[in-house]
Amino acid sequence: MDAYDKGSDARQGLGRDGREGPPGPDDAAEQTGGSDGTEEASAPGGTGETGETGETGETGETGETGKTGETVEVPEAREVPVAPSGPRTGFAALSPRYQVGAVAALVAVAVAVCAHIGLVFLHVAPSNTLTKEHGSAVDEWVFPEFEQNWKLFAPNPLQQNVAVQVRAEVGTADGGIRTTGWYDLSAEDGRAIDGNPLPSHTVQNELRRAWDFFVSSHDSEDRPVGLRGSLSETYLRRIALLRLDRNGAAGPGGVVERVQYRSRTTNVEPPPWSGEKVSDRPTYRELPWWSVTPERNDGNRDDGNRKVGARKDAGEGGAA
């Protein structure tokens, strides 16, 4: 009995701590009575309803059963096994420190190779501003281990501007002789090339190659050397006739009877930092007069010969 007298609280405690189950009807009645007593005691003050909040606290205790959710173990995500890669080889197998060292060594070797190629290039190249300034350093590097016995370019590269010009003696319709001015054929070719994205091979090379052909096949006195010398003269005559006819040099009724070539050579001005001093005065090379009458047809050739003979006779008669 004493257990029941004291025991609503004891059984209630066992119910809470020992997990024996929910309280019985008597316990529920005692608890209700206790709460009613509280309501009655507090009724005069009008705050009896606060006991109901105590019941709310009881229901809050039932929320402790929700703690069992914390014991639920969530399965962890399993990592997908990665197939092991093969061992690194070559440059990738080196540690970062050794990789930096290998890169530095490669850069040093590349710089040394480029410097060697550049010095050998200057050694075999023709004389220029760099070799004149640093020739001793180049020779110290090349000799004797890397000596070269050949030349990369021509020994005397072109450092001049050569303009080819021509003029003519024209027989006029009244039997007189007229000498034209100089026609700069090289300047005409230059104007035809400037602004033309696809200049013809003739414009670029015909006159230049013809003049080089003449110079290489004649001596210093402009005398032909072998058959090639005579052939070069014939080639230049024909070019002169074509160009003069294109420019209308003969005029109405006139006939070109003789032509004369000359070259005007000027030195290419060196860059200001080179320190070289060259003359800026042009030099001229005049060739003798060439008769072009044999290059025409038979009728014109006879007419030209008669005109030339008549002029000679007239000149001799005047001198007499």
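Just so it is clear, the values below take in all heavy atoms, side chains as well, and ignore hydrogens, waters and symmetry mates. Just so you know, residue 1 is the first one in the sequence shown, and it goes up from there.
Judged purely by atom type and a 3.5 angstrom limit, Thr131 has no side-chain atom pairing as donor or acceptor with the backbone of Leu122. Remark: side-chain polar atoms of His134 are not paired, donor with acceptor, to backbone N or O of Leu130 under 3.5 angstrom. Distance alone, capped at 3.5 Å, is enough to place a donor-acceptor pair between the Asn267 side chain and the Ser279 backbone. Under a 3.5 Å cut-off, the side chain of Gln99 and the backbone N or O of Leu94 do form a donor-acceptor pair.
No chain of hydrophobic side-chain contacts below 4.5 Å, direct or via other Ile, Leu, Val, Met, Phe, Trp or Tyr residues, connects Trp182 to Leu185. Taken together through direct or relayed side-chain contacts under 4.5 Å among Ile, Leu, Val, Met, Phe, Trp and Tyr, Val215 and Leu207 form part of one hydrophobic cluster.
Taking the six-membered ring where the residue is Trp, the centroids of His123 and Phe146 are separated by 6.0 Å or more.
Counting heavy atoms from C-beta outward, Gln204 and Ile193 have side chains that approach closer than 4.5 Å. Contact of the Glu206 side chain with the Ile239 side chain is registered, since non-hydrogen atoms from C-beta on lie closer than 4.5 Å. You'll find the side chain of Arg243 reaches within 4.5 Å of the side chain of Asp189, heavy atoms only. The shortest side-chain heavy-atom distance between Glu188 and Asn247 falls under the 4.5 Å cut-off. Side chains of Tyr261 and Trp211 form a contact here, defined as non-hydrogen atoms less than 4.5 Å apart. The shortest side-chain heavy-atom distance between Ser216 and Phe214 does not fall under the 4.5 Å cut-off.
A 6.0 Å sphere centred on CZ of Arg228 holds no more than 12 heavy atoms belonging to other residues, nucleotides or ligands.
Of the N and O atoms on the side chains of His201 and Asn205, at least one donor lies less than 3.5 Å from an acceptor on the other residue.
Expressed to the nearest 0.5 Å, how far CG of Leu231 lies from CG of Leu227 amounts to 6.5 Å.
Here Glu286 pairs with nothing under the salt bridge (Lys or Arg N to Asp or Glu O under 4.0 Å) rule; sequence neighbours left out. Judged as a ring pair (Phe, Tyr, Trp, His ring centres under 6.0 Å), and not counting sequence neighbours, Tyr235 has no contacts. Every residue was checked against the salt bridge (Lys or Arg N to Asp or Glu O under 4.0 Å) condition with Arg262, not counting sequence neighbours, and none meets it.
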